[in-house]
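Reviewing the structure listed below.
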4 protein chains.
Amino acid sequence: MEAQKKLTRAEQKALRPIQILDAAFEEFVRCGFAGTRVEDIADRVGVTKGTVYVYFETKEALFEAMINHFSVPFQQLLAITESLSGSVTERLTSILGLLYDQIAEDRTTRELTRLVIAEGHRFPDLIDRHHDQFIEPVTAKVDALIVEGVASGEFREVPVEFSDIVVAPILTTTVLRLIFDDRRVPTPNKEAFLRVYFDLLFNGLLTKPR
Amino acid sequence: MEAQKKLTRAEQKALRPIQILDAAFEEFVRCGFAGTRVEDIADRVGVTKGTVYVYFETKEALFEAMINHFSVPFQQLLAITESLSGSVTERLTSILGLLYDQIAEDRTTRELTRLVIAEGHRFPDLIDRHHDQFIEPVTAKVDALIVEGVASGEFREVPVEFSDIVVAPILTTTVLRLIFDDRRVPTPNKEAFLRVYFDLLFNGLLTKPR
Amino acid sequence: MEAQKKLTRAEQKALRPIQILDAAFEEFVRCGFAGTRVEDIADRVGVTKGTVYVYFETKEALFEAMINHFSVPFQQLLAITESLSGSVTERLTSILGLLYDQIAEDRTTRELTRLVIAEGHRFPDLIDRHHDQFIEPVTAKVDALIVEGVASGEFREVPVEFSDIVVAPILTTTVLRLIFDDRRVPTPNKEAFLRVYFDLLFNGLLTKPR
Amino acid sequence: MEAQKKLTRAEQKALRPIQILDAAFEEFVRCGFAGTRVEDIADRVGVTKGTVYVYFETKEALFEAMINHFSVPFQQLLAITESLSGSVTERLTSILGLLYDQIAEDRTTRELTRLVIAEGHRFPDLIDRHHDQFIEPVTAKVDALIVEGVASGEFREVPVEFSDIVVAPILTTTVLRLIFDDRRVPTPNKEAFLRVYFDLLFNGLLTKPR
DNA sequence: CATGAATGAGGCTTCATTCAT
DNA sequence: TATGAATGAAGCCTCATTCAT
């Protein structure tokens with residue numbers, strides 16, 4: 001309140017939609033699309049229902065705008081992966097570590113995943129976006145590295161197109177945190193988790209490989 | 001239809017609540033808790049709203065009863081695992097194969113997972129049940145096998161308490177199917193998937209283990 | 001209340017939609033389509049808003065159903081006109097007298113005319129119905145009689161297709177009553193009005209016809 | 001557009017309220033009082049809602065101001081009628097011709113009539129104005145001419161106070177155009193219409209007057 | 001004057017729930 | 001048991017109106 005009073009009208013106006021989108025994120029995550037009341041979103045911002053409708057035509061439009069707003073910061077990660085150097089193992093390790101930060105540790109991405117799972121039925125665009133911006137790029141990147149590793153002799157001859165399996169522990173952590181959120185199942189320690197994850201991924205369980 | 005006509009009236013009536021639970025499953029899966037209309041459930045059974053309330057006090061009670069109804073058949077799987085014999089590797093393979101059938105391939109369990117993720121917030125019991133009946137037993141079983149494998153020298157010295165990583169590809173397949181349902185991302189071929197999964201799990205990616 | 005309690009459920013149910021249509025007529029006439037509150041219609045019947053929506057999907061559907069409900073009893077009049085006998089003058093007189101009763105004196109038809117004028121823009125069907133059921137049949141009938149009168153020599157050679165002029169005093173009375181409703185402009189005495197109307201229609205104003 | 005660009009800012013501002021009244025006329029005619037949105041009126045002028053409220057306190061005040069604005073030009077016609085000369089028949093013919101132009105052919109008067117019929121309930125002043133400025137003067141004038149015609153022997157002994165009947169074809173044309181607006185029922189050709197109208201009015205239908 | 005963000009009362013509509021039959 | 005008419009609370013959305021800039 002104090003801080004906001006110093007803002008000019010113009011600044012306020014530019015801020016409003018973002019404030020609303022932030023509030024919408026929290027409420028939609030908490031209650032799902034159907035369960036969320038537009039008034040609760042407004043309350044969170046400190047405005048009235050009507051104000052929300054000044055910026056967004058319908059609850060549905062607000063939901064979609066919110067998803068778009070929070071779906072951006074994945075591009076950066078993909079850019080970083082291009083600049084990596086070192087052995088394939090090193091690069092794959094780096095990428096999976098970054099993915100862990102992005103998908104499992106970042107609350108926003110995590111909750112976005114919840115919404116994709118919960119509301120995908122009613123928002124097919126949501127699924128397409130999610131696929132094109134998240135799943136496909138990651139899959140492509142990991143696949144490419146595996147191919148490279150196999151070609152260079154660093155990796156064994158494993159069939160490609162199953163990069164899901166490689167990435168699986170990350171998505172699984174995300175989902176378990178979504179479900180239990182530190183309740184019942186503790187959030188794993190990142191360092192320890194990655195150590196075991198990579199150890200298993202690269203070396204396998206067996207003492208003597210077949 | 002044919003079969004039902006032969007039922008006596010008494011049998012019909014004993015069937016009602018189950019028909020309602022089945023219909024409730026479909027609708028809650030399709031629309032989520034808040035988005036589902038009791039009337040749509042009734043329509044699916046071919047009765048009127050009132051009838052639903054003869055058997056279930058509230059929509060919430062119906063939701064919980066539905067979850068309970070569809071959460072049963074996991075016990076069997078756990079029982080089977082007790083009767084397995086062979087090396088630890090063989091037994092782990094068997095169990096993971098069964099889990100794949102149960103979690104990734106079985107539509108009911110899959111959709112139950114969706115509901116846990118989507119509605120867990122508002123139904124804490126749901127999460128507790130899910131933990132006690134699904135996660136904990138599986139985790140315990142897999143952990144026990146790993147401990148056994150390490151003790152017997154069959155497995156390398158891997159830290160326990162990370163059985164999530166071992167099971168991850170199964171849950172990941174489940175979640176990807178929930179999201180994409182054969183749209184955009186094809187459902188993997190079971191045999192091929194398991195082959196790669198087990199190959200990676202036991203042997204790791206590297207040609208020469210560190 | 002007293003009387004209604006004796007009705008069975010089934011009778012009540014059959015009555016409800018008609019009660020609602022009656023109430024809707026009064027409210028829509030009083031406030032127009034946009035100005036009418038569904039709740040006021042419900043109040044008039046003694047039920048709650050929800051009940052109205054049990055029978056009619058939307059306010060718009062209710063409006064249209066109401067128009068249809070009150071647009072019926074015009075057919076009878078047209079039937080009567082077929083059975084008339086006597087000179088053309090006598091028959092025309094009879095018909096115009098009946099029309100006066102139907103259009104100018106009958107409150108329902110009068111108010112329906114108000115709605116056609118006021119709401120026709122937004123309900124094009126309304127105008128088509130009104131044309132097909134009211135205007136066209138009357139016009140055709142009057143035209144036919146004039147043609148017959150001219151043919152028989154009873155009437156002067158007047159151009160046809162201007163039966164509007166013949167009927168005009170009736171519609172004008174309707175409209176003036178709609179506007180002033182006994183306020184400012186008194187409702188004319190029917191007998192006196194018809195006498196002058198017919199005198200003028202048949203004989204004209206001039207002492208010595210041209 | 002061209003013309004407006006040459007206006008000084010001061011002239012522009014003096015124009016504003018009239019532009020708003022013009023826009024209000026169109027919208028109120030199109031949607032009625034309750035159905036019209038102040039914003040649509042503003043849009044039509046190319047300003048924002050707030051501007052409308054600079055000039056008019058409420059939507060209701062705007063409606064009334066609009067009615068007043070468009071109700072003026074009838075005085076002129078009445079003035080003209082004073083200066084006519086010739087036989088009563090000639091003068092009556094002239095007056096009815098002018099009335100036809102004013103009431104049936106002039107879109108503004110026609111739509112004003114629609115508003116009187118549609119909104120009169122909620123704006124009693126509207127009805128009073130309409131009576132005092134339109135109905136009463138016309139009625140008085142026509143009545144006076146009939147009295148004069150009867151006195152001079154030009155007209156038959158018809159009862160006075162039924163000038164409505166004489167004017168009816170004009171109002172009827174107005175109303176039919178309001179309802180059908182060239183849809184379904186074609187607008188009559190003015191010359192032909194007036195010829196038949198006057199022929200009937202002065203000579204009546206019958207070959208041999210009674 | 002003009003703006004347009006914000007308000008908040010109020011209308012339409014939905015739907016979980018009840019209850020007399 | 002089953003019905004379905006009725007309820008009424010509550011949600012989405014609209015829009016006349018205000019006011020700081």
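Chain letters run A, B, ... following the sequence lines, proteins first, then strands; residues in each count from 1. Heavy atoms only: backbone and side chains are in, while hydrogens, waters and symmetry mates are out.
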>> Counting C-beta onward and ignoring hydrogens, is there a side-chain heavy-atom pair between D:F63 and D:T58 closer than 4.5 Å?
In response: no
> Watson-Crick or G-U wobble partner for F:dT7, using a 3.5 Å limit on both distances?
Replying inline: E:dA16
Please tabulate the protein-to-nucleotide N/O contacts below 3.5 Å involving nucleotides 8-10 of chain F, giving atom names and distances.
from   : atom 1 : to    : atom 2 : distance (Å)
F:dA10 : N6     : C:K49 : NZ     : 3.3

> Nearest-Å distance, CG (C:D40) to P (E:dG11)?
Replying inline: 8 Å
> Which of these nucleotides, F:dA5, E:dT13, E:dA6, is closest to any side-chain atom of C:V54?
Replying inline: F:dA5
> Is there a donor-acceptor pair closer than 3.5 Å between any side-chain N or O of C:K49 and the backbone N or O of C:D40?
Replying inline: no
> Relative to the 5' end of DNA chain E, which residue comes earlier, D:G46 or B:T36, by the nucleotide with the nearest heavy atom?
Replying inline: D:G46
>> How many whole angstroms separate atom CG of B:L15 from atom C1' of F:dT1?
In response: 15 Å
>> Using OP1 and OP2 only, check whether a side-chain N or O of C:Y53 sits under 4.0 Å from F:dA5.
In response: no
> Within this structure, what is the CD1-to-C1' distance between A:I20 and E:dA6, rounded to whole angstrom?
Replying inline: 11 Å
> CG of C:L62 versus P of E:dG11: gap in Å, rounded?
Replying inline: 16 Å
> With both distances under 3.5 angstrom, what nucleotide forms a Watson-Crick or G-U wobble pair with E:dT21?
Replying inline: F:dA2
> Hey, are C:R30 and D:E119 close enough for a salt bridge, meaning a charged N less than 4.0 Å from a carboxylate O?
Replying inline: no
>> Looking at A:I117, is its backbone amide N or carbonyl O close enough to the side chain of B:R114 to form a donor-acceptor pair, meaning the two atoms are under 3.5 Å apart?
In response: yes
> Want to settle it: does A:Y55 or B:E57 sit nearer the 5' end of DNA chain E, counting the closest nucleotide to each?
Replying inline: A:Y55
>> Expected output is a numbered-order residue list: members of residues 23-33 of chain A with a heavy atom under 4.0 Å from any atom of DNA chain E. What is it?
In response: none
> Rounded to the Å, how far apart are D:D43 CG and F:dC15 C1'?
Replying inline: 13 Å
>> How many whole angstroms separate atom CD of A:E39 from atom P of E:dG10?
In response: 15 Å
> Does D:K59 come within less than 4.0 Å of D:E39, counting only side-chain N to carboxylate O?
Replying inline: no
> In whole angstroms, how far is the C1' atom of E:dT14 from the NZ atom of C:K59?
Replying inline: 17 Å
>> Any side-chain to backbone donor/acceptor pair from B:T51 onto B:V47? Under 3.5 Å, distance only.
In response: no
> Whole-Å distance between F:dT1 P and B:R16 CZ?
Replying inline: 11 Å
>> For D:F33 together with D:F123, are the ring centres under 6.0 Å from each other?
In response: yes
> Considering all heavy atoms of both residues, which atom of B:L112 and which atom of B:S71 are nearest to each other, and what is their separation?
Replying inline: CD2-OG, 4.0 Å
> So, for B:G32 and A:R122, which heavy atoms are closest and what is the spacing to 0.1 Å?
Replying inline: N-NH2, 4.1 Å
